[in-house]
Amino acid sequence: MEAGSLLHSHIPWNPPKPPRRRRIGSSFPPFFFISRASSSSSSNSERGYRGPKPKRDWVADWVSNNDDIVRSLPIYVGGVSLLAVLLNRTVSGIAPVADASSSQSRSDLLTLGLAVTNILTGLVWLSVRPKSISVVSPQGVECQRICSNLPDSVVSELLWVWESMSNVTCCRSLIVVYDSRCILQIGCAAKSSFGDGEAVAVDANKLMQGSLCQGVIKSGAQSYLANLSLYPGKSELPFLPSNTQAVILQPLGEKGIAIIGGDTIRGFTSSDQAWITLIGEKLDATLAKNLNSLPLAVQD
Amino acid sequence: MSTNAVSMCFNPLIQLKMRPQFPAKKTTSKSTSISARNQNSQTPTNQQQQQLNLSVLRFTLGIPGLDESYLPRWIGYGFGSLLILNHFVGSDSSTTTLPQLRIEALGLSLAAFSIVIPYLGKFLKGASPADQATIPEGTEQIFVMSQNISDSLKEDLAWATYILLRNTNTIAVLISIRGELCVRGYWNIPEEVSKTNLLAWFRRQIERIGLENIKDTLYFPQSSDTVLWEMLPKGTRSLLVEPVLQVRNSGANQMEKIEGFVLLGSGMSYAYSDKDRAWIGALANKFGGAV
């Protein structure tokens, strides 16, 4: 990412101290202050924003909404022009022989070249069309289990992580395990076989010792299982709904792991993966800071 | 590779709302047959669809830095100018026949269409941004933050600006929460503003434009000459302003209090896709409920 290169140069961590903020109009005589106050209050009223408003981009909207039509449009345009060139030759009585000696033939050839370019572009666009994959609704029960005795800031951060991931990506289940304790189990989870309608609990110790998590924590890198049905390690994640399509395993430092289950095969894009990696680092920092002094708490 | 690529393919858009259990399309290549069989065993397919294998048409000239998706544009320019040359130089204007004029008109309109094709291709699904972001010259990087805020908010702001600069095509970021600022990246600051007055200068600019009162997301995918762009460095081509709202339920109404905004500038046009904007909105929500 080109934008990342600017972080190679030194950015000072300690920002310089700014001066105290001066209130507008504090040094003016009273009647100026009143008129100033009215103008500043009008700038804070509903018509407050005085900058430019963006125009609607009609072309971009139309192309995004009619993706299929636009992809085959160059083929039709090129095909029709091809036929028109031949038709023109026959209608005007010129023999359809391609020799470059007359200027008519030269223009014909150039137009044919353009038509062929359009047809090929249309075919290339059709070939690079991304396959649309259907969403598979996860089978399970909704649950929200948060480890008790967590400070409020940690709880709100965890809930923010869940909310952003479920709104932006195809994530449907989220489990956070830290320090051999299940901190969070939220979203859709597998129904337990006892028939009481509760979700399967996460056995944090067994999970952390399984080969899937050990491998991820040892390498320290995120692991993306794009099509979970192809992986035998699926048996180590019994708490996820059985038809979870994709899973991301994000290590949180060396002591924790976040398991994110999605409802579409290859549903997490590379941008999602990058964001999840950085959010995982932040979660690791937050949990490490706040969980050091907590005794082992009972899961609610 | 598949050899039965003879039949044409008809790929209707899968209507996800109407038939949610419609499985993925069955392809003829062997490598994905395992997952296709799994899908087929669960739900029977109604249509057999075959994909026309057109990937042989994709090619590259192998020259680094040359973007082949712009090839139709160059061909359009080249052939169009040859057509005009042929019209004036190829023969005398007295002997120009009607069929030739027709062909030239058709050729020129085809050339114009070819020139527009890369612009349309940018908005198709799955298109990747072609031009690279460049770091503007002559501007300095800055990183300033209000001092009188809690440590946890300082950490959050520093982390949020870092993640925005690193993960999106951003060169300048400004976050304002309840009047407290955090500014990072490349900005176009006039010479006379000293380092200690930077925050006050930014606050003045924000008040001048009235940015603290926006309620909707503003996205300018292409550069324009407006007052918003003066603060940003010269190479900025797209701008995104995302409000930070705190939603509070009081009685029957949902009140939305404006807490601040997040301003991002990028060196590329059309830099923020839908997904990028969704993530930036989620990041803005973090500060909506913050202490």
Side-chain angles (χ1 to χ4, degrees), chain A residues 2-4 6-7 11-12 15-19 43-44 48-52 54 60 63-64 67-68 70 74 77 81 84-85 88 92 103-104 106-108 110-111 113-115 117-118 120-121 123-124 126-128 130 132-135 156 160 164 167-168 227 229 269 271 274-275 278 282, chain B residues 14 16 22 24 35 38 54-55 57-58 72 75 79 82-83 86 90-91 99-100 102-104 106-107 110-111 113-114 117 120 123-126 132-133 135 141 143-145 147 159 163 165-167 169-171 195-196 199-200 209-210 213-214 218-220 226-228 275 278-279 282 286:
Chain A
E2 291 302 305
L6 64 81
L7 287 168
I11 299 181
K17 271 194 177 349
S43 74
N44 284 336
Y49 173 58
R50 285 179 297 279
V63 172
S64 322
D67 192 73
D68 270 352
V70 174
V77 167
S81 330
V85 167
N88 183 54
S92 30
S103 67
Q104 167 83 36
R106 285 196 291 266
S107 347
D108 273 354
L110 289 173
T111 311
L114 282 170
T117 307
N118 278 343
L120 286 179
T121 304
L123 290 175
V124 168
L126 277 181
S127 78
V128 299
S132 52
I133 306 194
S134 50
V135 169
S156 65
W160 168 76
S164 15
N167 284 340
V168 180
N227 191 352
S229 51
T269 63
S271 140
W275 280 95
L278 290 170
K282 176 80 167 47
Chain B
I14 294 182
L16 292 173
F22 203 79
S35 53
N38 269 341
L54 296 165
S55 52
L57 293 170
R58 301 203 316 251
I75 292 182
F79 280 31
L82 282 176
L83 268 173
N86 182 51
S91 60
Q100 175 159 351
R102 281 202 288 251
I103 289 294
E104 280 174 5
L106 180 66
L110 268 181
F113 186 68
S114 308
I117 270 185
L120 290 180
F123 303 120
L124 291 171
K125 281 199 262 288
Q132 301 285 326
I135 297 178
Q141 271 195 46
F143 179 21
V144 292
M145 198 170 358
Q147 286 303 309
W159 173 77
I163 198 176
L165 283 170
R166 187 160 148 194
N167 238 6
N169 288 307
T170 306
I171 52 176
K195 289 247 184 304
T196 45
L199 276 178
I209 308 173
N213 294 317
I214 53 164
L218 299 174
Y219 178 38
F220 299 92
T226 56
V227 65
L228 263 182
K275 184 131 257 198
W279 273 113
K286 183 175 209 317

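Heavy-atom basis, side chains included; hydrogens, waters and symmetry copies ignored. Order of the sequence lines fixes the chain letters, A, B, ..., with proteins taken first and strands second; residue numbering starts at 1 for each chain.
When every heavy atom of A84(A) is checked against every heavy atom of L106(B), the shortest pair comes out as CB-CD2, 3.9 Å. For N167(B) against A274(A), the heavy-atom pair with the smallest separation is OD1-CB, 3.2 Å. Across all their heavy atoms, L110(B) and T111(A) have their closest contact at CD1-O, 3.8 Å. Contact detail for L83(B) and L110(A): the closest heavy-atom pair is N-CD1, 3.7 Å. Residues N86(B) and R106(A) share a closest heavy-atom pair of OD1-NE, 2.9 Å. Closest of all the heavy-atom pairs between V63(A) and F123(B) is CG1-CB, 3.6 Å.
Interface remark: N167(A) contributes no atoms to any contact with chain B (heavy atom separation under 4.5 Å). Using a 4.5 Å cut-off between heavy atoms, T117(A) touches chain B through its side chain atoms alone. For F79(B), the parts lying near chain A are the backbone and the side chain together; criterion is any non-hydrogen pair under 4.5 Å. With a 4.5 angstrom heavy-atom cutoff, S107(A) touches chain B via backbone and side-chain atoms both. With a 4.5 angstrom heavy-atom cutoff, W275(A) touches chain B via backbone and side-chain atoms both.
Between T121(A) atom OG1 and L120(B) atom CG the span is 11.5 Å, to the nearest 0.5 Å. We find the OG1-NZ distance between T269(A) and K275(B) to be 4.0 Å, quoted to the nearest 0.5 Å.
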Pair S114(B), N118(A) - check side chain to side chain donor-acceptor pair (under 3.5 Å), show working. CA-CA 7 Å; S114(B) 308; N118(A) 278 343; 3.2 Å; yes
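Without hydrogens or angle criteria, W160(A) side chain to A282(B) main chain gives a donor-acceptor distance under 3.5 Å.
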